Protein chains: 2
Amino acid sequence: MTVSRVLRNRGDVSEATREKVLAAAKKLGYVPNRIAGALASQRVNLVAVIIPSMSNMVFPEVMTGISEVLDGTELQAVVGLTHYKPDREEQVLYEMLSWRPSGVIIAGLEHTDASKAMMRAAGIPVVEIMDTDGEPIDSAVGISHRRAGRQMGEAIVAAGYRRIGFMGTKMPLDHRARKRFEGMTQALAKAGLEIEDREFYEGGSGFVKGREMTQAMLSRSPDLDFLYYSNDMIGAGGLLWCLEQGIDVPGRLGLAGFNGVNLLHGLPKLLCTMDACRNEIGRRAAQLIADRVATPDQGRGAIIELSPEIALGDTIRRAAAD
Amino acid sequence: MTVSRVLRNRGDVSEATREKVLAAAKKLGYVPNRIAGALASQRVNLVAVIIPSMSNMVFPEVMTGISEVLDGTELQAVVGLTHYKPDREEQVLYEMLSWRPSGVIIAGLEHTDASKAMMRAAGIPVVEIMDTDGEPIDSAVGISHRRAGRQMGEAIVAAGYRRIGFMGTKMPLDHRARKRFEGMTQALAKAGLEIEDREFYEGGSGFVKGREMTQAMLSRSPDLDFLYYSNDMIGAGGLLWCLEQGIDVPGRLGLAGFNGVNLLHGLPKLLCTMDACRNEIGRRAAQLIADRVATPDQGRGAIIELSPEIALGDTIRRAAAD
DNA sequence: ATGAAAGCGCTAACAT
DNA sequence: ATGTTAGCGCTTTCAT
């Protein structure tokens, strides 16, 4: 009836009745039932966001980017966490699609066949984020982690380092970390080098982890002259340890991380890193969805590859050519 | 029809038909429409989680706690962000309640009258988290920030510090930070002391912010012998700066933060802090909701106050009584 | 500018 | 063990 029209600011309703309805609604604490609304209208203003975790630095920032854009629209993000498990991802996706969202933003390009089938069958815009090394189902926004690893490898070689150690998470399913590692390996190989030592850890990434691993690796392989960390948190821990030991960074030993975590600016030395473009990825992905919702038959299959630069900081030698 | 029964594992269905239905569903990529289901059954397995932000350390950990518990149930968290703005909270709440969730977990005890009315009228379990200094609408899980501030103040006084400076966010609406500040002031007053200098900042909490503020405050008030930071990130920045300046910490100058951010273990010195019990708050709140959903007429109005201890660390003098 | 009626895709209760 | 029927609370369309 008329009430419905008022609450959606739709159709022609006289100002008088309009106000009357609004007043009554407020007094009764009436909240409309969107479930019924969505069922009747076949429209749901929800965007499913499916990401591995909230406990590292990266995804909260992606979420912030998504919110920045969606807050300017009718759309609402709904988050589901997969904990890097493909079958959990499948289940979360199923749950979310059962609410018939207007779009899906999902981390990564690797999914189970069932997940892919569901996303294709859903008939809604799907944006795969973080990574562009692979074949997206529909659209993608991210960076090439393989290239990121390669660029860092090239920078390390160019700076004159030769004996490189690697530290990362023990996560066979963190495809992006794997791709960075592959890129780095490839760049080193081109210079006739190999990773000399490596160490993998489980659990949260804190400073302590970085310290412990660095100590372990350097006592095992004291001749290393560069340490590449798969994220900035452990890199920062390693940096603090090295400085305490009086190790000359970046002269005797170079260090680099990944992610470009701004919160860490303010360490005794600025860690060499590479921005993962977290906020921008979130914003661009949300924009893609918003545009597709507004204009359903445009922009399918868009691929946006961002190109972060290395931030050299103070932990890698500058101008080795001098 | 029967299909519905199969997909919900309900009622008596023969194994044969069951399998047939499942196979067909999988092949067609069929995902049931929960909107219709929810409308028909008047049950929605969603829990609305309403928090200020995702970009500091605290709420992602609360979310992790919530997920840990909810993952063992049929319930699903749906997050809405308020950015510390009461009217945005009201709007987000309205949006979420319109989906008729099974429960609400909301940060803080301060809400607009309209928000409170909505929550009371919703007829579902509501758990207000983080804070217990006030009157909850229904249940609450948190710590007393006033007491936390007081305890820290007492510890500072007991350690023999006398000239205290405070640094916090310029956030009139961060009630918990405000309550901690009040508690601290009160404890100092009892010892005849006052905060001698204070500084407030805007924007993200990074190490750099802590460094800059510490430098500014100490050059303005060089006689301070203790600095209390409203969070660990800026405290860590301050600590790093002080150590670089060669300031004797905790001898000449004591430092303390708040939150108990484990990621920061591994700094050159362990920052004195107080755990905000983020993960446990999330878990207990989720448990409260889960229990109420299982047994609707039990546990209304439960108030769980957690009692974190001060973690002295290395930045406050021990055993001043010696 | 307002009212009336049909139906969105399920679940619940009741047949069979 | 399976089929049938009547809504759930809205939106949409058509009528007034």
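In this text the structure is predicted, and so the values were computed from the model without any measurement. Residue numbers begin at 1 in each chain, while the letters A, B, ... track the order of the sequences.
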Would you kindly give the [atom1]-to-[atom2] distance between [X] and [N], to the nearest whole Å?
{"X": "B:I35", "N": "D:dC8", "atom1": "CD1", "atom2": "P", "answer": "19 Å"}
{"X": "A:Q42", "N": "D:dG9", "atom1": "CD", "atom2": "C1'", "answer": "14 Å"}
{"X": "B:K20", "N": "D:dT2", "atom1": "NZ", "atom2": "C1'", "answer": "12 Å"}
{"X": "A:W99", "N": "C:dC10", "atom1": "CH2", "atom2": "C1'", "answer": "12 Å"}
{"X": "A:R18", "N": "C:dT2", "atom1": "CZ", "atom2": "C1'", "answer": "16 Å"}
{"X": "B:L39", "N": "C:dG7", "atom1": "CG", "atom2": "P", "answer": "17 Å"}
{"X": "A:R43", "N": "D:dG9", "atom1": "CZ", "atom2": "P", "answer": "21 Å"}
{"X": "B:R100", "N": "C:dT11", "atom1": "CZ", "atom2": "P", "answer": "19 Å"}

Distance below 4.0 Å between [X] side-chain N/O and [N] OP1 or OP2:
{"X": "A:Y30", "N": "D:dG9", "result": "no"}
{"X": "A:S4", "N": "D:dT12", "result": "no"}
{"X": "B:S14", "N": "D:dT2", "result": "yes"}

(message) Around atom CD of B:E305, are there more than 12 heavy atoms from other residues, nucleotides or ligands closer than 6.0 Å?
(response) yes
Below 3.5 Å, can you tabulate the donor-acceptor pairs from side chains in residues 281-289 of chain B to any protein atom, sequence neighbours excluded?
residue : atom : partner : partner atom : Å
B:R283  : NE   : B:N279  : OD1          : 2.6
B:R283  : NH2  : B:N279  : OD1          : 3.3
B:R284  : NH1  : B:E280  : OE2          : 3.0
B:Q287  : NE2  : B:D291  : OD1          : 3.1

(message) Let's see if you can work this out: which of D:dC10, C:dA12, C:dT11 has an atom nearest to the side-chain heavy atoms of A:N33?
(response) D:dC10
(message) Can you identify which nucleotide, out of C:dA12, C:dC10, C:dC8, has its nearest atom closest to the B:A40 side chain?
(response) C:dC10
(request) Identify, with sequence neighbours excluded, every residue that meets side-chain hydrogen bond (donor to acceptor under 3.5 Å, both in side chains) alongside B:S102. (result) none
(request) Please list, chain by chain and in numerical order, all residues satisfying side-chain hydrogen bond (donor to acceptor under 3.5 Å, both in side chains) with B:R300, sequence neighbours excluded. (result) none
(request) Mind jotting down which residue pairs meet the salt bridge (charged side-chain N to carboxylate O under 4.0 Å, His left out) criterion with at least one end in residues 123-138 of chain A? Sequence neighbours excluded, please. (result) A:D131-A:K179, A:D138-A:R292
(message) Once salt bridge (charged side-chain N to carboxylate O under 4.0 Å, His left out) is applied, what residue pairs with a partner in residues 51-64 of chain A remain, sequence neighbours excluded?
(response) A:E61-A:R278
(message) Between the opening five pairs and the closing five pairs of the helix from C:dA1-D:dT16 to C:dT16-D:dA1, how far apart are the helix axes, to 10°?
(response) 30°
